[in-house]
Amino acid sequence: DATSLNFEILPHYYQTIWFRGLCALCLGLLVWRIYLSRVHYLIRKTQALELIVSQRTADVRAALLVAEAAKEQLRDQAMRDSLTGFWNRRAIFEILDGEIARCKKESHPLCIIMADLDHFKMVNDTWGHLGGDAVLRVVSDRLRQGLRRNEALGKYGGEEFLILLPLCTLS
């Protein structure tokens with residue numbers, strides 16, 4: 001008589017479906033965590049780059065404002081006489097051309113005065129160019145005081161001035 005004995009050999013834990021499922025789940029969670037970590041890194045990097053770009057943009061805007069101010073200052077220096085502060089010859093003629101066109105179009109009068117300081121050479125010869133410059137400054141200040149808002153005054157030559165009086169008749 002033979003006796004039989006039934007027994008079952010259980011698999012090792014690493015051979016079970018539960019273990020393999022748990023490993024797959026852990027692997028999936030690890031991949032998900034790596035993905036989230038990468039996304040957060042890229043978001044931080046993007047925010048840092050946006051901050052740098054906004055700072056650089058602000059710097060460029062500030063530099064542009066400085067450049068525009070310098071450009072305007074240079075333009076003003078190129079259009080003004082440094083001694084009197086009046087428009088220089090080129091600028092006053094540009095203004096004159098515009099005023100002539102405007103007054104013709106609107107049928108308004110325009111008076112033009114050419115003023116010259118008599119015997120100015122004698123002032124320069126007697127007191128030198130610094131004395132002549134002082135006289136030009138005093139005369140310029142007096143002329144400036146007599147101007148109205150819509151009138152223009154330019155230095156035509158050494159001691160010659162061109163005064164534009166729109167809306168003013170000869171009388």
- [ ] Would you name the heavy atoms of R102 and P166 that are closest together and state the gap between them?
- [x] NH2-CB, 3.6 Å

- [ ] State whether the number of non-hydrogen atoms from other residues, nucleotides or ligands found under 6.0 Å of I17 atom CD1 is greater than 12.
- [x] no

Open item on the list: Can you confirm whether R75 is buried at CZ, in the sense that more than 12 heavy atoms of other residues, nucleotides or ligands lie under 6.0 Å from that atom?
Closed with: no

- [ ] Report the distance from atom SG of C111 to atom CG of L165, rounding to the nearest 0.5 Å.
- [x] 6.0 Å

TODO: Indicate if W87 and I112 have the same hydrophobic cluster label, given that clusters are the connected sets of ILVMFWY residues with side-chain heavy-atom separations under 4.5 angstrom.
DONE: yes

- [ ] Please report the shortest heavy-atom distance between E160 and D116, naming the atom on each side.
- [x] CG-OD1, 3.2 Å

Task: Atom pair CG/OG1 of L10 and T16 - distance to nearest 0.5 Å - done: 10.5 Å

TODO: Specify the closest pair of heavy atoms between L110 and I100, including all atoms of both residues, with the distance to one decimal.
DONE: CD2-CG1, 3.8 Å

- [ ] Quick one: closest heavy-atom pair of F161 and T84, and the distance?
- [x] CE2-CG2, 4.3 Å

Task: Ion pair D125/K121, N-O distance below 4.0 Å - done: yes

- [ ] Starting at CE of M79, measure out to CG of L74 and round the result to the nearest 0.5 Å.
- [x] 13.0 Å

Open item on the list: Taking the basic N atoms (NZ, or NE/NH1/NH2) and the acidic carboxylate oxygens, is any pair closer than 4.0 Å for R56 and D59?
Closed with: no

Open item on the list: Less than 4.5 Å apart, side chain to side chain, heavy atoms only: is that true for L36 and R33?
Closed with: yes

- [ ] Find the distance between CD (E159) and CG (L117) and round it off to the nearest 0.5 Å.
- [x] 6.0 Å

Open item on the list: Minimum heavy-atom separation for I95 and A152, please, with both atom names.
Closed with: CG2-CB, 4.1 Å

Task: R142 backbone acceptor or donor facing Q145 side chain under 3.5 Å - done: no

Open item on the list: As an exercise, state the distance from CE of M114 to CG of L162, rounded to the nearest 0.5 Å.
Closed with: 6.0 Å

TODO: Give a yes or no on whether H108 atom NE2 has more than 12 heavy-atom contacts from other residues, nucleotides or ligands under 6.0 Å away.
DONE: yes

Open item on the list: Is it the case that over 12 heavy atoms from other parts of the model lie below 6.0 angstrom from the CG atom of L130?
Closed with: no

